[in-house]
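Below: one structure, written as structure tokens.
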Amino acid sequence: MSANRPAAVVVLAAGEGTRMKSATPKVLHAICGRSLVGHVVAASRELDPEHLVVVVGHAREQVRAHLAEVDPAVRTAVQEKQHGTGHAVRMGLEELAADGVTLDGTVVVVCGDTPLLTGETLSRLSETHAADKNAVTVLSAEVPDATGYGRIVRDEVTGAVTAIVEHKDASDAQRAIREINSGVFAFDAKLLVDALGKVRTDNSQGEEYLTDVLGIVRAAGHRVGAAVAADHREILGINNRVQLAEARRLLNERLLERAMLAGVTVVDPASTWVDVSVEFEADAVVHPGTQLLGATRISTGAEVGPHSRITDTVVGAGAVASFTVAEGARIGDGANVGPYAYLRPGTDLGAKSKAGTYVEMKNASIGEGTKVPHLSYVGDATIGEYTNIGAASVFVNYDGEAKHHTTVGSHCKTGSDNMFVAPVTIGDGAYTAAGSVITKDVPPGSLAVARGQQRNIEGWVARKRPGSAAAQAAAAARQESEGER
């Protein structure tokens, strides 16, 4: 257990976020496979706090349900009406107190709309707070342009924070300061509880401001300090869709950089998008225009892309998936997928197998070395090892009410343009003729032929389509043939 383990982390996530112009609560908008509040909760968990409380308000039941999915151990506190950040923190602490929790140590307060904030930065904030013996420590950042932000004013001798001055209230000298307030703080728990009871609402908004706590504890003779974030972009909050897209880009760059430094080749990072939950092994290659989403894992030597969307899928070592959409699938070692293949949930491709051009699979288990090269649909099926499925084959799995299963054995050769009408079984080593509609089981080693005898009706075009281009072409061919005799 860390010596700087916080007593609690309070996440402020009660706001509506009207500038998002969305029916979805702001904190539930997602980037890189995780909601905004989900990112903040994940970063907060890295501190291993004794208690983690998310303060909810707008669309509280929706936010609560989401939190229960992503982190069931999270507590929630309700801010019925949004009366300011100080009021929100007070609601969080009162929720803990109502459960008999007496806080002793550090309370970290974070905003629920700062998805780029890292656990590492929060740890440095907590460490600085303890090392400097501060009553309050502000997470600050030095930005290229501080316009609109609250400035951190420090004592020139001690470096202690003497004030946070809002831009509109700042003097020219203060506006020249580039160190700004992030809205993230570490507090001494007992001093925080006491100070929140003294925060006034005699301001233009009639709200309880959390920043007023700094002045209260400083007036009581306690030290207020600041910890500067290594990257100012971490503290960016999300208020609209433009900022959401910018945060997505920044987080995506961070994830790809981590992957590349770990030995992954990303040919074009600008056109490659990944979720935080994606895992890579060294020497994987990602080609341009590719999205890797959900619980996807790309194994050693595998190549994905270009222009592929891989979701919740394991791509085995040395496998290739180009121009592919895959969801909930497993692509075995050395398998080859695409171009223009669609692997739906439940698809399991064995080692060295193939799902080729314009092939769709769903709930299908494909054995080692088996090939479905092109223009086919394989649904609700099991295919053994080293079998070849002919072009334009369809596994007819749906009778209008229920799905049925097809089994094709190992070392089979099925002809092109086959229909396998489930439920049906093709035995090991069996063949089926091109153009067959297979409705009965085929014994091992047999050849199944299920098509009508061809019948040619001479002169049909001349009788039924007289004067047509086809009739004229046929007549010319007939004359030419007679002339050669």
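On a predicted model such as this, the values are computed, not experimentally measured, just so you know.
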* Steps toward salt bridge (Lys or Arg N to Asp or Glu O under 4.0 Å) verdict (Glu207, Lys81) -> CA-CA 11 Å; Glu207 295 182 348; Lys81 295 184 179 180; over 6 Å; no

Check: [X] side chain, [Y] main-chain N or O, donor-acceptor pair, under 3.5 Å:
X      : Y      : answer
Arg248 : Ala30  : yes
Glu281 : Thr300 : yes
Ser308 : Pro306 : yes
Thr370 : Tyr386 : yes
Thr324 : Ala326 : no
Thr407 : Thr382 : no
Arg254 : Leu116 : yes
Asn252 : Thr272 : yes
Thr406 : Ala381 : no
Thr296 : Val278 : no

* Asked: Are Val27 and Val11 close enough, and set up right, to give a side chain to side chain contact (heavy atoms under 4.5 Å, CB included), and what steps lead you there?
  -> CA-CA 11 Å; Val27 296; Val11 180; over 6 Å; no

* **Lys403 atom NZ: more than 12 heavy-atom contacts under 6.0 Å** =>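 Enclosed: over 12 neighbouring heavy atoms sit under 6.0 Å from NZ of Lys403.
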
* Asked: Heavy-atom count around Lys352 NZ within 6.0 Å, excluding the residue itself: above 12?
  ->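 No.
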
* To do: Using only heavy-atom distances, determine whether the side chains of Ser123 and Glu46 contain a donor-acceptor pair under 3.5 Å.
  =>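 Note: Ser123 and Glu46 side chains miss the donor-acceptor criterion.
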
* Do Asp275 and Ser277 have side-chain N/O donor and acceptor atoms under 3.5 Å apart? ->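 Judged by distance alone, the side chains do not pair up.
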
* **Heavy-atom check, side chain of Phe395 versus side chain of Ile389, under 4.5 Å** =>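 Yes, their side chains come closer than 4.5 Å.
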
* Is the closest side-chain heavy-atom distance between Pro269 and Glu257 below 4.5 Å? ->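 No. Closest side-chain heavy atoms not under 4.5 Å.
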
Qualifying ring pair (Phe, Tyr, Trp, His ring centres under 6.0 Å) pairs, either residue in [range], two or more places apart:
range            : answer
residues 271-303 : none
residues 324-345 : Phe323-Tyr340, Tyr340-Tyr358
residues 71-128  : His83-His87

* Yes or no on side chain to side chain contact (heavy atoms under 4.5 Å, CB included) for Leu192 and Leu196, after CA distance, side-chain angles and deciding distance? -> CA-CA 6 Å; Leu192 173 62; Leu196 285 172; 3.8 Å; yes

* To do: Could you give me the CA-CA distance, side-chain angles and deciding distance for Glu50 and Val101, then say whether side chain to side chain contact (heavy atoms under 4.5 Å, CB included) is met?
  => CA-CA 10 Å; Glu50 295 177 36; Val101 175; over 6 Å; no

Acceptor/donor pairs from residues 35-42 side chains to any protein atom, 3.5 angstrom cut, sequence neighbours excluded:
unit_1: Ser35; atom_1: OG; unit_2: Gly38; atom_2: N; d: 2.8
unit_1: Ser35; atom_1: OG; unit_2: His66; atom_2: NE2; d: 2.7
unit_1: His39; atom_1: NE2; unit_2: Ile31; atom_2: O; d: 2.9
unit_1: His39; atom_1: NE2; unit_2: Arg34; atom_2: O; d: 3.3

* Who pairs with His58 by ring pair (Phe, Tyr, Trp, His ring centres under 6.0 Å), at least two apart in sequence or on another chain? ->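 Partners of His58 by the ring pair (Phe, Tyr, Trp, His ring centres under 6.0 Å) criterion come out as none, since no residue qualifies.
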
* Test side chain to side chain contact (heavy atoms under 4.5 Å, CB included) on Lys190 and Val193 and set out the steps. => CA-CA 5 Å; Lys190 295 186 183 302; Val193 171; 5.9 Å; no

* To do: Can you sort out the partners of Glu142 under salt bridge (Lys or Arg N to Asp or Glu O under 4.0 Å), two or more places apart, ordered by chain and number?
  =>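 Partners of Glu142 under the salt bridge (Lys or Arg N to Asp or Glu O under 4.0 Å) test: none.
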
* **Approximate separation, where rounding is to 0.5 Å, of Ile310 CD1 and Leu292 CG** =>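 If we round to the nearest 0.5 Å, Ile310:CD1 and Leu292:CG are 7.0 Å apart.
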
